[in-house]
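Values below: all heavy atoms of this structure, side chains included; hydrogens, waters and symmetry mates excluded. Throughout, protein chains are lettered first and strands after them, A, B, ... in sequence-line order, and every chain is numbered starting at 1.
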There are 2 protein chains.
Amino acid sequence: MAAYIAAMDTVDKKITALLAEDARRSLADIGEAVGLSPSAVNERIRRLNASGAIKRFTVDADHAALGLGVTAFVLVGLDYDAGEEAFKAFAAAHPSVAECHHVTGGWSYLLKVRLADLGGVERFLGELKAQHFLARSETMIALSTAVERCFTPAEV
Amino acid sequence: MAAYIAAMDTVDKKITALLAEDARRSLADIGEAVGLSPSAVNERIRRLNASGAIKRFTVDADHAALGLGVTAFVLVGLDYDAGEEAFKAFAAAHPSVAECHHVTGGWSYLLKVRLADLGGVERFLGELKAQHFLARSETMIALSTAVERCFTPAEV
DNA sequence: AGTGAAATTACATTTGT
DNA sequence: ACAAATGTAATTTCACT
């Protein structure tokens with residue numbers, strides 16, 4: 001499922017880190033930082049984009065301002081009768097699901113969801129139950145978030 | 001700590017969603033989608049940016065290509081002698097920490113970390129132990145990730 | 001706040017090494 | 001694969017509504 005994407009060299013990692021910090025930086029600025037001409041930087045970004053190493057250009061939004069004030073994590077003990085693929089398809093299609101990881105340990109999946117309020121969390125769990133995905137589950141509400149970065153820098 | 005950011009109106013949410021999908025869209029394209037002129041869209045984006053509703057323009061990178069092949073979640077039972085603020089500062093300063101949430105339930109914090117390999121995970125846990133942050137902990141390794149979105153759309 | 005036009009800047013392409 | 005130069009398209013600013 002996950003495509004194998006060629007590992008980046010040091011310059012690519014630097015460019016990616018600079019773009020992660022501020023994707024509106026000009027090619028000239030980036031070029032100066034990594035010691036390349038703007039057109040060379042442009043070509044590298046084009047390739048990083050085409051290969052999938054850079055998935056997309058996006059914005060980091062404040063979800064509270066969007067009306068999604070609650071972040072919750074749901075540890076899922078999957079009812080395998082319902083079907084693992086069906087569960088993954090459900091998660092991928094559900095707009096409230098920010099993340100869905102298959103994890104080691106006593107639980108099958110870890111979901112991260114964003115909802116307007118606690119009522120939304122309850123309704124979301126109701127959906128999971130209605131589809132018989134849950135053998136058991138445990139929900140953790142994020143009281144506050146100290147760190148939330150889309151991008152984690154690679155060691156150089 | 002968390003600043004209160006004015007809630008967005010419908011047009012702002014639409015613009016933000018469009019930018020989250022592709023931040024390189026032209027102001028003309030966005031304007032057409034929401035029924036505004038390019039300069040009006042520009043002004044709204046400028047305000048969203050200034051208010052913090054849009055935190056930053058960034059790229060969604062493939063962390064495996066960056067050399068960070070392992071994602072792990074660490075449930076932390078905090079040793080409160082070590083200091084909660086010190087722990088949060090540690091998490092914020094640590095490059096491998098992608099997320100740090102204060103959560104409800106039997107655990108104090110949930111960390112999401114990205115590392116090169118399982119050895120990196122072990123070393124990271126070693127750092128937490130060395131600083132005496134852990135009363136107890138439980139680590140879940142992400143075997144695979146079905147969904148991972150930085151942006152979750154608001155209901156319209 | 002939004003519009004539309006003018007000014008500015010950056011991007012994308014081509015060519016050459 | 002990179003650099004330089006040129007054409008094109010974007011953004012930004014401003015006067016006005």
Side-chain angles (χ1 to χ4, degrees), chain A residues 3-67 150-151 153-154 156, chain B residues 3-62 64-67 150-151 153-156:
Chain A
Y4 294 100
I5 297 167
M8 301 183 199
D9 67 16
T10 307
V11 174
D12 284 340
K13 286 181 187 174
K14 249 186 178 171
I15 291 173
T16 306
L18 288 166
L19 288 175
E21 218 177 81
D22 177 9
R24 283 185 146 182
R25 275 203 173 89
S26 73
L27 299 174
D29 281 358
I30 298 168
E32 198 169 344
V34 301
L36 285 177
S37 72
S39 63
V41 173
N42 188 45
E43 177 60 16
R44 276 180 179 259
I45 292 174
R46 197 195 59 72
R47 273 203 307 275
L48 288 167
N49 221 340
S51 73
I54 290 178
K55 295 184 210 165
R56 58 180 181 171
F57 285 73
T58 184
V59 290
D60 203 350
D62 184 288
H63 285 84
L66 277 165
C150 292
F151 177 82
V156 186
Chain B
Y4 294 99
I5 296 166
M8 300 184 198
D9 67 15
T10 307
V11 174
D12 283 341
K13 285 181 187 173
K14 251 186 177 172
I15 291 173
T16 307
L18 288 166
L19 287 174
E21 218 178 79
D22 178 9
R24 283 183 147 182
R25 275 202 173 87
S26 72
L27 300 175
D29 281 358
I30 297 168
E32 198 169 343
V34 301
L36 284 176
S37 70
S39 59
V41 174
N42 188 45
E43 177 59 16
R44 275 182 180 258
I45 293 174
R46 196 197 58 72
R47 274 204 306 274
L48 287 168
N49 221 343
S51 73
I54 290 177
K55 295 185 212 165
R56 58 180 181 168
F57 284 74
T58 184
V59 290
D60 203 350
D62 185 287
L66 276 165
C150 292
F151 176 81
E155 285 138 61
V156 185

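- Checked by atom type and distance alone, the side chain of B:R25 pairs as donor or acceptor with a backbone atom of B:L18 at under 3.5 Å.
- Judged purely by atom type and a 3.5 angstrom limit, A:R44 has no side-chain atom pairing as donor or acceptor with the backbone of A:I15.
- For B:A20, the side-chain contact (heavy atoms from CB on, under 4.5 Å) partners are A:T58, A:V59, B:F151, not counting sequence neighbours.
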Go along nucleotides 1-12 of chain D 5' to 3' and tag each nucleotide: B for a protein heavy atom under 4.0 Å from its base, S when only backbone or sugar atoms are that close, - otherwise.
SSBB------SB

Please step through side chain to side chain contact (heavy atoms under 4.5 Å, CB included) for the pair A:D22 and B:R56, ending with a clear verdict.
CA-CA 7 Å; A:D22 177 9; B:R56 58 180 181 168; over 6 Å; no

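- Contact check for A:K14 versus A:L36: no side-chain heavy atoms found under the 4.5 Å cut-off.
- Annotation for A:C150 and B:C150: closest pair SG-SG, 2.5 Å, computed over non-hydrogen atoms.
- Look at B:K55 and A:D62 and you find no salt bridge, because none of the NZ, NE, NH1 or NH2 atoms lies under 4.0 Å from a carboxylate O.
- Here the range on DNA chain C touched by chain A, meaning any atom under 4.0 Å from one of its heavy atoms, is C:dC11 to C:dT13.
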